[in-house]
Amino acid sequence: MDTFEEPENPFDTDDNRNLSSQASSSTKLNISEPPSPPQAVDYSLPTPSYGAFPQQAKADHWLQSSDDVEISIVDAEKTSVGSNSPYITYVIRAGNHESRHRYSEFESLRNHLVKLYPTLIIPPIPSKNTIGDYAVKQSKAKEDAAMIARRKRMLQTFLNRIARHPILSNERVFHRFLDGEVSWTEVLNSPPITLLPKNILKAPSHNPTDQEASPAYQALPNPSPTHPLRNPDQRFLDSEVFTNKFAGHISGPMEKVSRRTMKRWSDLAQDYQELGATFNGFSLNERGSEEQQGHLSAALEKTGQANDITSASTTKLIQDLEQNWVEPVYEYSQFAGIIKKLLVYRHQKHVQYEMTQDALVAKREQLEELEKSEREARRLEEALGKGRVQRSSSLPGRATSEEGERREDGVDEEQDHSTQQSLPSLPPHPGPSSGRRRAPGMGLLNALSYTFSGMIDADPETARRNAISRNRETTSQLEDAIHLAAQDLKYSSSTIQADLDRFQRQKVADVREMCINMARSHRDWAKKNLEAWEEAKREIDKIGEHPNKLPESVPPDPSPPKPRRDSTATINGP
């Protein structure tokens with residue numbers, strides 16, 4: 001069996017790569033204990049080569065030379081170029097380069113990155129059908145400005161996440177996507193896209209487009225995602241449990257409460273807007289020449305303005321929450337689904353290894369049985385050959401004795417021959433089948449059946465030897481395949497674990513930023529409302545006291561109250 005070199009893990013440090021090279025020098029691969037995740041991550045690694053491109057993207061130098069990459073979608077234009085119906089194209093600005101792409105091209109970019117890098121977490125893009133669920137005004141029209149603005153922001157986040165990824169940022173397909181002078185159709189019809197296999201499970205994990213990959217990959221099985229494992233890796237079982245809990249929190253209560261909160265904030269903004277208009281109309285009715293009435297009108301007007309400001313600040317709060325909280329929550333609910341698929345891919349690679357192991361054990365047992373039968377047949381043939389030799393050595397003495405007996409009886413061969421020639425020739429005996437005709441076609445069928453029975457039954461030795469030859473060839477392929485499956489499983493496990501660690505750090509930073517943005521949005525909303533209502537209060541304080549209330553300048557009478565006069569004293573007298 002040929003020797004194989006273990007593929008390089010782009011997330012490994014130099015120390016980890018040295019350890020991997022030492023482990024790969026061993027002839028036996030240990031899959032029961034997958035490598036532990038690296039402590040430190042080296043991201044400065046070259047991108048795997050997928051073949052020459054017809055044209056080098058101009059955005060390469062800018063992306064690789066800039067530490068703080070920022071890609072922005074500056075506009076969304078409605079056009080019908082190359083199509084019978086109008087569509088929205090998004091104007092992307094990356095440094096000094098500008099390109100235009102429609103939503104389907106973003107989707108195509110992501111789908112091909114998933115196939116090129118099956119062990120990495122590819123960032124999501126906004127859903128085409130359900131993004132309207134996250135709008136304050138649930139509109140599904142393509143021309144809806146709010147929906148287009150949301151999609152612009154989320155597509156921009158998608159591009160920036162790729163640009164900041166340590167591996168994906170070096171992908172030339174992504175660079176050419178940002179290059180405005182290269183059409184996306186040209187990219188799709190050139191390597192590495194055209195080199196992608198139909199089934200990535202039967203291709204190397206580190207480079208699915210490798211055209212020099214071993215043919216033994218085709219001998220690998222195509223397992224089901226639900227196929228159980230005999231020896232599962234506890235780390236990835238824990239990752240699955242954690243991901244399911246995370247998806248439950250994000251896609252369950254947090255998403256529902258966020259959507260319900262946004263609706264209530266929207267209703268509150270609408271109520272404040274209507275209340276402000278009511279107060280402003282009320283102030284117009286209270287204008288007059290009297291001093292008290294003038295202060296009342298101004299106070300009503302300021303109260304109406306405070307309501308208007310509260311409505312406007314609430315609308316701004318809704319926009320901030322939608323951009324800095326609702327959209328990231330929706331994005332991370334998509335991330336949860338992406339990680340689930342990534343873990344399924346790793347699970348299938350592990351099942352693939354175990355199934356190849358089982359197939360190899362079964363083929364070896366079958367080959368051993370056939371070889372055992374072949375050895376028994378040879379021993380039997382040798383024993384029969386020895387018996388024939390012994391019989392043939394005893395035949396000459398027996399023939400000599402028979403010849404002597406015949407000569408003693410006076411029988412001569414020539415005399416016997418002349419006697420046979422003198423006998424009259426007799427006609428052939430008419431057998432019962434001489435006049436029977438065979439059914440048409442029966443001769444061909446009988447001949448074929450005789451031929452097949454001769455091939456199958458008459459020559460079992462040839463069939464057995466052919467089966468041994470085929471089994472040996474299949475066993476050799478399975479031995480190569482199990483070595484490749486072991487390498488793929490090691491690479492997939494270490495790379496997926498490293499990218500999960502990177503994603504966890506990214507998630508912690510993003511959730512922290514989301515919470516800070518939420519607190520900042522509420523603080524700004526409260527400060528702006530406080531200023532408006534304090535100004536309204538100052539205007540309200542100018543209104544005089546209640547007219548039925550005694551002025552504070554008149555002191556109360558200190559004399560005790562007079563007793564109530566008894567009406568009966570006047571009538572009855574003293």
Side-chain angles (χ1 to χ4, degrees), residues 1-10 24 29 31 34 47-51 108 110-122 167 171 173 188-233 236 338-364 366 470-497 499:
M1 184 175 64
D2 297 336
T3 58
F4 295 91
E5 295 182 359
E6 187 170 356
E8 182 181 3
N9 185 345
S24 62
L29 295 171
I31 301 301
T47 305
S49 176
Y50 293 110
S108 175
R110 189 189 179 280
N111 291 337
H112 286 99
L113 287 178
V114 169
K115 295 177 181 178
L116 288 171
Y117 298 93
T119 59
L120 297 182
I121 302 173
I122 309 300
I167 306 301
E171 176 53 51
V173 172
L188 295 179
N189 293 323
S190 60
I193 304 300
T194 55
L195 301 179
L196 284 170
K198 294 181 179 180
N199 188 353
I200 59 174
L201 289 174
K202 294 191 175 184
S205 297
H206 64 283
N207 186 2
T209 59
D210 187 6
Q211 298 300 296
E212 298 180 358
S214 172
Y217 275 104
Q218 299 303 317
L220 293 174
N222 190 20
S224 168
T226 58
H227 195 285
L229 285 171
R230 290 196 309 271
N231 300 309
D233 190 339
F236 292 98
I338 292 170
I339 294 175
K340 287 181 181 180
K341 292 181 180 179
L342 194 66
L343 294 175
V344 166
Y345 172 81
R346 191 261 166 204
H347 175 86
Q348 288 179 293
K349 278 294 180 181
H350 198 164
V351 172
Q352 197 175 56
Y353 171 75
E354 291 188 347
M355 292 178 69
T356 307
Q357 246 183 351
D358 296 340
L360 180 59
V361 170
K363 280 296 177 183
R364 283 174 175 173
Q366 186 178 1
R470 288 193 302 269
N471 278 355
R472 284 176 179 171
E473 183 179 357
T474 304
T475 302
S476 177
Q477 289 181 353
L478 287 174
E479 288 175 350
D480 294 344
I482 196 170
H483 198 87
L484 296 173
Q487 289 183 341
D488 274 0
L489 180 57
K490 280 190 172 182
Y491 177 85
S492 300
S493 299
S494 59
T495 308
I496 289 174
Q497 184 63 54
D499 209 24

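Please read all numbers here as calculations on a predicted model, not as lab measurements. One is the number of the first residue; the rest follow in order along the sequence.
- The shortest distance between side-chain heavy atoms of Tyr345 and Ser205 falls below 4.5 Å.
- Looking only at side-chain heavy atoms (C-beta outward), His347 and Val351 come within less than 4.5 Å of each other.
- Going from atom OG1 of Thr474 over to atom CZ of Arg470 covers 8.5 Å, rounded to the nearest 0.5 Å.
- Residues Arg230 and Asp358 meet the side-chain proximity criterion, which asks for heavy atoms closer than 4.5 Å.
- Taken from NZ in Lys202 to CG in Asn222, the straight-line distance is 6.0 Å, to the nearest 0.5 Å.
- Using modelled atom types, no side-chain atom of Thr495 and backbone atom of Ser492 make a donor-acceptor pair closer than 3.5 Å.
- Between the Lys349 side chain and the Leu201 main chain, a donor and an acceptor come within less than 3.5 Å of each other.
- Side-chain contact between Tyr117 and Glu171 is present, with at least one heavy-atom pair separated by less than 4.5 Å.
- For the atom pair OH of Tyr491 and CG of Asn207, the computed distance is 8.5 Å after rounding to the nearest 0.5 Å.
- The shortest side-chain heavy-atom distance between Arg346 and Asp233 falls under the 4.5 Å cut-off.
- Here Leu484 contributes atom CG and Ser214 contributes atom OG; the two are 5.0 Å apart, rounded to the nearest 0.5 Å.
- Counting all heavy atoms, side chain and backbone alike, Val344 lies closest to Pro225 at CG1-CB, 3.7 Å.
- Scanning both residues, Arg110 and Ile122, for their nearest heavy atoms gives NH2-O, 3.1 Å.
- The shortest distance between side-chain heavy atoms of Gln487 and His483 falls below 4.5 Å.
- From Leu196, atom CG reaches atom CG of Asn111 across 11.0 Å, with rounding to the nearest 0.5 Å.
- Side chain of Ser493 to main chain of Leu489: a donor-acceptor pair is present (N/O by atom type, distance under 3.5 Å, no hydrogens or angles).
- No side-chain heavy atom of Thr356 sits under 4.5 Å from any side-chain heavy atom of Tyr353.
- Counting all heavy atoms, side chain and backbone alike, Met355 lies closest to Pro223 at SD-CB, 3.7 Å.
- A donor-acceptor pair is defined here as one N or O able to donate and one able to accept, closer than 3.5 Å; such a pair exists between the side chain of Gln352 and the backbone of Pro221.
- If you take NZ on Lys363 and CG on Leu360, they are separated by 10.5 Å, rounding to the nearest 0.5 Å.
- Nearest heavy-atom pair across Thr194 and Asn189 is CG2-C, 3.4 Å.
- Residues Thr119 and Asp499 form no side-chain contact, since every pair of their non-hydrogen atoms from C-beta on lies 4.5 Å or further apart.
- When all heavy atoms of Ala216 and Ala481 are compared, the pair lying nearest together is O-CB, 3.6 Å.
- Closest approach of Pro204 to Asp210, counting heavy atoms only: CG-CB, 4.4 Å.
- With hydrogens and angles disregarded, a donor-acceptor distance shorter than 3.5 Å links the side chain of Gln211 to the backbone of Thr209.
- Other residues, nucleotides and ligands place no more than 12 heavy atoms under 6.0 Å from the NZ atom of Lys115.
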query = Does the side chain to side chain contact (heavy atoms under 4.5 Å, CB included) test come out yes or no for Ile339 and Leu343, once each step is laid out?
reply = CA-CA 6 Å; Ile339 294 175; Leu343 294 175; 4.2 Å; yes
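- Checked by atom type, the side-chain pair Thr475/Arg364 shows no donor-acceptor distance below 3.5 Å.
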